Amino acid sequence: MKIIKETLADDAKAYLKGYIRSADDTSAHENYPAVIVVPGGSYTHIPEQQAKTLALAFANLGYQSFYLRYHFIGEKTPLLPAPVVDLARAVALIRNHAEEWHIDPTTIVLAGFSVGGHIVSLYSDYWQTDQLRTQAGSTGTDLQPQAVILGYPVISPLLGFPTDEATLAIWTAAPETVAADQHVSEQNPPTFIWVTADDPLVPAKNSLAYAAALAEHQVPYELHVFHHGPHGMALANHLTAWKRDADQPHVAHWLTLANEWLNDTLSQSDQGSAIRNDQGSRQIDRQSADAASKHA
């Protein structure tokens, strides 16, 4: 496994760290799906060891795995949308290096946790917009994610986090633009959400509001609300437990559930792409036939 680190901004604050497996010459696996873990940390830091552990957990499931170190409070004023732009640049970078890193460029998954979930949910809302393309210096197609995972996400500053106006003012001068549940559209990717009902830091109503918005716009989603667990559980096992109560075997099932959901979701995406490509080919054939008949 090769470890890489790529800077994403001129100030070198934001970077993408990746864990890249080689192509398997003994099987048909020449390219792998990719996942970008976007960790939490209240926009003041990221827990790097936790981020690495999450990335390696996905690597064990057969993904080329990365985690994103985005811009923090104090590095951009106001902070947003800089972390969302960082994620856009990370997605474009992976697609640009897909052949070198043995990645299937049509299969990129984003996994955001806590405020990392805020970044990912906003990205899901805005990935196709001209504004984000311009800010990231990219095109629309190379920014598209195929699936999203949100763990105990912050969705909106209007839903209980942050709890003070001073912090919110550092985040943004326009809170309504970063309320991710208010900007969902039919172009949002399929989304898997998990949260605990008694999360004491980021209320579960964040996840419920986002799931309701996805349902309203007929975006495929799956929502799991576990009955108990503290905030910031990550894998919810001994590897990432920051206190005894964060080791919750029942909640730890989220990774298995998410992997099953991803296998189903990504296979449907592949079938949809094949159908669309086939339909496109038939349309071209019909157009060619029509043109030929006109000149016959």
Side-chain angles (χ1 to χ4, degrees), residues 36-43 70 78-81 83-84 87-88 109-129 131-132 145-234 236 248 251 253-254 257-258 261-262 265:
I36 304 175
V37 171
V38 187
S42 297
Y43 283 131
Y70 45 85
L79 176 63
L80 293 163
V84 182
L87 180 54
V109 178
L110 310 179
F113 301 83
S114 192
V115 297
H118 190 221
I119 296 167
V120 170
S121 60
L122 288 172
Y123 185 88
S124 296
D125 294 350
Y126 290 123
W127 71 265
Q128 79 288 359
T129 62
Q131 182 179 6
L132 185 57
Q146 276 62 57
V148 158
I149 295 171
L150 300 175
Y152 43 91
V154 174
I155 293 298
S156 169
L158 309 176
L159 294 174
F161 188 89
T163 57
D164 62 287
E165 293 294 328
T167 298
L168 180 54
I170 296 172
W171 285 19
T172 180
E176 68 280 358
T177 65
V178 298
D181 59 309
Q182 297 181 20
H183 300 282
V184 172
S185 74
E186 288 75 11
Q187 296 190 66
N188 280 58
T191 303
F192 178 100
I193 309 169
W194 71 273
V195 68
T196 56
D198 60 351
D199 187 317
L201 186 62
V202 177
K205 62 185 178 181
N206 282 265
S207 295
L208 299 177
Y210 200 66
L214 294 169
E216 178 69 22
H217 291 276
Q218 299 183 333
V219 177
Y221 75 95
E222 183 163 320
L223 170 66
H224 294 270
V225 183
F226 298 96
H227 76 279
H228 171 67
H231 189 72
M233 299 180 76
Q248 292 282 340
V251 182
H253 290 302
W254 78 261
L257 294 168
W261 175 84
L262 282 171
T265 297

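Worth saying up front: this structure is predicted, and the values here are computed from it rather than measured. Numbers for residues simply follow the sequence, beginning at 1.
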Next item on the list: For E186, check side chain to side chain donor-acceptor pair (under 3.5 Å) against everything at least two apart and list the hits.
Entry: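 Applying side chain to side chain donor-acceptor pair (under 3.5 Å) to E186 gives H217.
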Check: Taking only residues two or more places apart in sequence or in another chain, which ones pass side chain to side chain donor-acceptor pair (under 3.5 Å) with D125?
Finding: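 D125: side chain to side chain donor-acceptor pair (under 3.5 Å) contacts with N188, Y210.
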For the backbone of [Y] and the side chain of [X], can you confirm whether one donor and one acceptor N or O come within less than 3.5 Å of each other?
{"X": "D198", "Y": "P230", "value": "no"}
{"X": "N206", "Y": "P203", "value": "yes"}
{"X": "H118", "Y": "V178", "value": "yes"}
{"X": "T167", "Y": "D164", "value": "no"}
{"X": "W254", "Y": "H224", "value": "no"}
{"X": "T191", "Y": "P189", "value": "yes"}
{"X": "Y152", "Y": "A234", "value": "yes"}
{"X": "S114", "Y": "G116", "value": "no"}

So do [Y] and [X] actually touch side chain to side chain, heavy atoms under 4.5 Å?
{"X": "T265", "Y": "L262", "value": "no"}
{"X": "L87", "Y": "Y70", "value": "no"}
{"X": "Y43", "Y": "I119", "value": "yes"}
{"X": "P81", "Y": "L122", "value": "no"}

Compare every heavy atom of [Y] with every heavy atom of [X], then report the nearest pair and how far apart it is.
{"X": "Q128", "Y": "S185", "value": "NE2-OG, 4.0 Å"}
{"X": "W261", "Y": "P190", "value": "CH2-O, 3.4 Å"}
{"X": "S207", "Y": "L223", "value": "CB-CD1, 4.4 Å"}
{"X": "A204", "Y": "A197", "value": "CB-O, 4.1 Å"}
{"X": "F113", "Y": "V37", "value": "CE1-CG1, 4.1 Å"}
{"X": "H228", "Y": "T196", "value": "O-CG2, 3.6 Å"}

Notebook entry, point to check: Should the pair F226 and W194 be assigned to parallel (<30°), tilted (30 to 60°) or perpendicular (>60°) ring geometry?
Noted result: perpendicular
Rounded to the nearest 0.5 Å, what separation is found between the [atom1] atom of [X] and the [atom2] atom of [Y]?
{"X": "S156", "Y": "D181", "atom1": "OG", "atom2": "CG", "value": "5.0 Å"}
{"X": "L158", "Y": "Q182", "atom1": "CG", "atom2": "CD", "value": "6.0 Å"}
{"X": "I193", "Y": "L208", "atom1": "CD1", "atom2": "CG", "value": "8.5 Å"}

Check: Can you list the steps and then say if Y126 with H183 is a side-chain contact (heavy atoms from CB on, under 4.5 Å)?
Finding: CA-CA 8 Å; Y126 290 123; H183 300 282; 3.3 Å; yes
Notebook entry, point to check: Partners of Y123 by ring-ring contact (aromatic ring centres under 6.0 Å, His included), sequence neighbours excluded?
Noted result: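 By the ring-ring contact (aromatic ring centres under 6.0 Å, His included) rule, Y123 matches no residue at all.
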